[in-house]
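All ligand and atom numbering here is 1-based and tracks the order in the structure.
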Amino acid sequence: MKLFTLDRDRARDSVADFYELYRSRPIARNSLGMGFNHCFATWFILREMQPTVVVESGVWRGQSTWIIEQAVPAAEIIAIDPVPEARVYVSPRVRYETVDFSRLDWSQTDVANAVVFFDDHQNSYERLKEMFWLGFRHAIFEDNYPCGEGDFYSLRHLRAGCGHPHIQMSPAYARTPRERIKRWLVEPLLRRLGHAQKVIVPPNDTDRANLARNLAAYVEFPAVVMNDRNNWGSEWSGSHASVPAIFGSRDDLPADLCRASTTSTAGIDLSYCHLAYVALGMGPFSGTCE
Ligand SMILES: C[S@@+](CC[C@H](N)C(=O)[O-])C[C@H]1O[C@@H](n2cnc3c(N)ncnc32)[C@H](O)[C@@H]1O
């Protein structure tokens, strides 16, 4: 299967069609799941690539499963989540699993023509290594937290060398005092366990160097249009800097979408977290990172 490369004009030309589709999504407000920008990115990448297999790790209520089905109706879809009770949208043509991606038998799967969609909040570097071992080469990482944010070691953490030294990096997500105390007690233990646990990663440059040996492509897919501030309420600058959105402002959007994005009742969630396409192991990486 060929590498995904981003054609911004094609992406821009697809937004109106996608919005028509998105209006019939099964879950109007997908809280704790993907909003409009990441749904578009996932749909567009898969439609361009046309894999024969899509593995989805992190189903939650099922919105992303539906998006995958819309993008590649003929593909085999395997959807993994250890908490199936949360599911609202269930498809009869999807194979559901509760065992971790790394623990399933992929020996009969067409891994060469597969894309793995990770939205499971697990250590991204570990996921890359597992994919490679299992023969998968293409992946979409839905959340790609900038340094200082998020609840797992992301591709951005890895590439910037900032690590993921706490269970939850975003102060706004510290939640209750009880939760803060729990983390304060647990984190030293996780650190002591070293590589046997995967949540905490010290700042380092080695993961980036080792990834570079196996990286064939890394593309951060732009938002269709961005909120004025990032998901944590700060500026899109420093470690939060983003690739330019497909549309510079809401005024440039197709009219229906523009109206929906500015009325709170339409439920268009424009959150964005640097969703990335990654390809592994197809010769040394010689391109530029978008
Ligand atoms: C952010 S939600 C996924 C949202 C979903 N992709 C969407 O946008 O509609 C994260 C999900 O990952 C699941 N999860 C946690 N650990 C996992 C694992 N090891 N493998 C797969 N899924 C996991 C959680 O149960 C949760 O449902």
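- A distance limit of 4.0 angstrom between heavy atoms and ligand 1 selects the residues Asn30, Leu32, Gly33, Met34, Ser57, Gly58, Val59, Trp60, Gln63, Ser64, Ile80, Asp81, Pro82, Val83, Asp100, Asp119, Asp120, His121, Gln122, Arg127.
- Considering Val201, Ile167, Asp143 in turn, Asp143 is the only one that fulfils the side-chain contact (heavy atoms from CB on, under 4.5 Å) rule with Phe152.
- In terms of the side chain to side chain donor-acceptor pair (under 3.5 Å) criterion, Trp106 has no residue partners (sequence neighbours excluded).
- A donor-acceptor contact closer than 3.5 angstrom is absent between the side chains of His240 and Glu235.
- Here Asp120 pairs with Ser57, Arg127 under the side chain to side chain donor-acceptor pair (under 3.5 Å) rule; sequence neighbours left out.
- By the side chain to side chain donor-acceptor pair (under 3.5 Å) test, Asn113 pairs with Asp110, sequence neighbours left out.
- Under the 6.0 Å cut-off for aromatic ring centres, Phe221 and Phe44 qualify, their centroids lying closer than that.
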